[in-house]
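Note that these values count all heavy atoms, side chains included, but never hydrogens, waters or copies made by symmetry.
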Amino acid sequence: MIPPISRRRALQLGGLGLAATVVGGAGLAAAAGSRFSPTPGAELSEPAVLRSTGGLLQVRLEAAEQRVPLAGGEATILGYNGGLPGPTLRLHPGDRLRVDLANRLGEATNLHVHGLHVSPQGNGDNSFLAVQPGDTFAYEFRLPPDHPPGVYWYHPHHHGTVADQIFGGLYGAIIVDDPVSIPVTRERVLVVSDISVDDTGRIQQPSPMAQMMGREGELVLVNGQRRPRLHAGPRDRERWRIVNACTARYLRLRLDGQQMQLLGIDSGHFAEPRAVEEFVLTTGNRADLLVTTAAGTAELRALPVDRGGMTGMMGGMMGGRGPGGTAFPTEEPVTLADLEVAGPAAVPLPAVPARAAARDLRAEPVATRRRITFAMGMGAGMGMGMTFTIDGKRFDPDRIDQLVAAGTVEEWTVVNTSPMDHPLHLHVWPMQLIARTGRPVTEPTWQDVVNVPARSDVTLRVAFDHFTGRTVYHCHVLDHEDRGMMAVLEAR
Ligand code: C2O
Ligand code: CU
Ligand code: CU
């Protein structure tokens, strides 16, 4: 294994067309016609799109180890149906999604449909299931007719191996179409992920320290490609659906020189598109974004996000950031893709129709208030014994941590007593953000992953509608989740 720094350099040089020198002749010998870009700078490719017809989408997803061209070399990754990301599943509200999940991995896995408002019971969005190697399991998800349109995703959720399996490449996008379509020149799906591979193309196991911080891969990929190229004409309006499928990395996204407007985050939608200079997707978040192009070239960049560290937890020896604290590799911006805009200008498109105002739980009665605490502590032994808990406890699938009355609205104050950020994710039911550190949010903001900053708190409301059953809430820094920062909720 070459030292991380020189590998990072090597990869950066690769971006300048020196990949062959750095990684050797094999690096450029990837098969032509592959949907994986063998070299950086290739045109963006998109995963296959599978659409529902007549209210049903029936798909088979095979999870297996694969050898694929990756970032100028070759790598052995995990993928659904032959590579990463898996196919994009495109649905309408009211549809049924049936997935036969075939496990060709050497260990147990399962499937979670992140953000979908569907039942957690039986063969639905049930994270307590395990699909053993060699087995195939038939999942069925029924979207209610009023299911929110938006960008969702699927990934494994087998406790203990979630970070490894997602880092390895098991993820794909789900789109629930809008009843009212938005006039655009073209749509793109951008699944952003990160991964680290060694010289032989094997996935690198993160150190215990990296796992405690939440691992960040050295390669940041868009649809499995490193730094692909996108082409458009001036005054085009593009709709980008961006998934942050990174295991722990937060993405502060910028596209300087181009106009960005957010339609929404996760299943939430703003009444009017919101002009933004940049926005942050924590791990697990998605953006529904309009890009109105201007002639020239622009870089889609992910800027560093300070998500805290372990300062003060380990005698000050590991700073989160700064010269002494190299725990996160995201201290430099990463260029995810290049957008080239040239040619004759398009005729402007009709305006984006306004949307109905989102439901606002601030106007609804709250049945129950809860306080939930995310904490980190020192276990026995240096570092290795760091504990990640919710309300002082580690995940136990047989314990019910919150019993909720189905059909009621609850208010949760989620407190983070640790020096590191933890993004809270609740399955099945979306959350309305009410306040950050006691400061009220002024308009309805719906998300299914909400960052709880270090030594801070957030207040949320949730309407436990439509479904009963057991599900989970957890930190979406997936190394933390695997180490026990997850708990069980039952709606009854
Ligand atoms: Cu993205 Cu519980 O998962
Ligand atoms: Cu989820
Ligand atoms: Cu965490």
Side-chain angles (χ1 to χ4, degrees), residues 4 8 112 114 153 155-171 192-196 203-221 243-252 280-285 302-314 318-322 325-332 334 374-379 383-390 394-395 414 416-425 449-456 472-487:
R8 282 177 71 75
H112 168 50
H114 179 130
W153 62 302
H155 63 73
H157 217 288
H158 186 258
H159 180 63
T161 54
V162 180
D164 284 345
Q165 291 186 3
I166 294 183
F167 195 64
L170 293 171
Y171 38 77
V192 181
S193 62
D194 60 358
I195 193 168
S196 295
I203 293 164
Q204 265 176 348
Q205 261 309 111
S207 66
M209 180 55 63
Q211 288 180 49
M212 277 184 287
M213 307 303 286
R215 71 185 78 181
E216 295 197 354
E218 290 164 3
L219 284 169
V220 187
L221 307 173
V243 179
N244 183 358
C246 296
T247 310
R249 181 187 295 262
Y250 291 17
L251 303 167
R252 179 183 298 279
V280 176
L281 296 182
T282 75
T283 158
N285 279 138
L303 273 61
V305 177
D306 181 0
R307 53 186 180 89
M310 295 207 270
T311 315
M313 297 216 68
M314 308 194 70
M318 325 280 180
R321 296 181 56 77
T326 51
F328 296 129
T330 41
E331 292 176 13
E332 315 149 34
V334 181
F374 279 40
M376 287 164 55
M378 295 289 288
M384 300 292 292
M386 183 75 67
T387 58
F388 293 86
T389 57
I390 298 180
R394 299 182 56 177
F395 177 62
V414 185
N416 176 0
T417 60
S418 81
M420 200 187 293
D421 292 13
H422 299 288
L424 167 72
H425 172 49
V449 184
V450 174
N451 191 42
V452 190
R455 298 201 166 97
S456 186
V472 292
Y473 56 99
H474 60 89
C475 174
H476 214 284
V477 167
L478 297 167
D479 286 299
H480 295 174
E481 185 260 273
D482 280 335
R483 281 168 175 250
M485 204 173 236
M486 177 153 75

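Judged as a side-chain hydrogen bond (donor to acceptor under 3.5 Å, both in side chains), and not counting sequence neighbours, S207 has no contacts. Taking the side-chain hydrogen bond (donor to acceptor under 3.5 Å, both in side chains) definition, one finds that H155 meets it with nothing, sequence neighbours left out. Listed by chain and number, the residues in a ring-ring contact (aromatic ring centres under 6.0 Å, His included) with Y473 are W412 (sequence neighbours excluded). Legend: residues meeting ring-ring contact (aromatic ring centres under 6.0 Å, His included) with H159, ordered by chain and number and at least two apart, are F395. Scored by the salt bridge (charged side-chain N to carboxylate O under 4.0 Å, His left out) test, D421 finds no partners at all (sequence neighbours excluded). Residues forming a ring-ring contact (aromatic ring centres under 6.0 Å, His included) with F167 (at least two apart in sequence, or on another chain): none.
Closest approach of V449 to P423, counting heavy atoms only: CG1-CB, 3.6 Å. When all heavy atoms of E481 and V162 are compared, the closest pair comes out as OE1-CG2, 3.3 Å. Across every non-hydrogen atom of W153 and G284, the tightest pair is NE1-O, 3.2 Å. Counting all heavy atoms, side chain and backbone alike, N416 lies closest to P453 at ND2-O, 3.2 Å. Contact record, A248 with V477: CB-CG1, 3.9 Å, taken as the closest heavy-atom pair. Across A454 and M420, no two heavy atoms sit closer than the pair CB-N, 3.5 Å.
For the atom pair F374 CZ and S456 OG, the distance stands at 13.0 Å (nearest 0.5 Å). For the atom pair C475 SG and I390 CD1, the distance stands at 8.0 Å (nearest 0.5 Å). From Q165, atom CD reaches atom CG of D482 across 9.0 Å, with rounding to the nearest 0.5 Å.
Contact annotation: the side chain of F388 approaches that of M212 to within less than 4.5 Å [non-hydrogen atoms, C-beta and beyond]. Taking the side chain as every heavy atom from C-beta outward, P419 and R455 approach each other to under 4.5 Å. Taking the side chain as every heavy atom from C-beta outward, D164 and Q205 approach each other to under 4.5 Å. Residues V192 and L251 meet the side-chain proximity criterion, which asks for heavy atoms closer than 4.5 Å. Looking at H422 and R307, their side chains never come closer than 4.5 Å, going by heavy atoms from C-beta outward. The shortest distance between side-chain heavy atoms of T247 and D194 falls below 4.5 Å. Looking at I195 and L221, their side chains come closer than 4.5 Å, going by heavy atoms from C-beta outward. Looking only at side-chain heavy atoms (C-beta outward), T282 and R249 stay at 4.5 Å or farther from each other.
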(message) Set out, in order, the CA-CA distance, both residues' side-chain angles and the distance that settles side-chain contact (heavy atoms from CB on, under 4.5 Å) for H474 and H480, then state yes or no.
(response) CA-CA 9 Å; H474 60 89; H480 295 174; over 6 Å; no
Residue pair L478, H476: steps toward the side-chain contact (heavy atoms from CB on, under 4.5 Å) verdict: CA-CA 5 Å; L478 297 167; H476 214 284; 3.8 Å; yes
When you look at E218 and Q204, which way does the side-chain contact (heavy atoms from CB on, under 4.5 Å) test go after all the steps?
-> CA-CA 10 Å; E218 290 164 3; Q204 265 176 348; 3.9 Å; yes
List the steps and the verdict of side-chain contact (heavy atoms from CB on, under 4.5 Å) for Y250 and L281. CA-CA 6 Å; Y250 291 17; L281 296 182; over 6 Å; no
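A donor-acceptor distance shorter than 3.5 angstrom exists from the side chain of D479 to the backbone of R215, with no hydrogens or angles considered. For the pair S418 (side chain) and A375 (backbone), a donor-acceptor distance under 3.5 Å is absent.
Side-chain rings of H114 and H425 approach one another, their centers coming within less than 6.0 Å.
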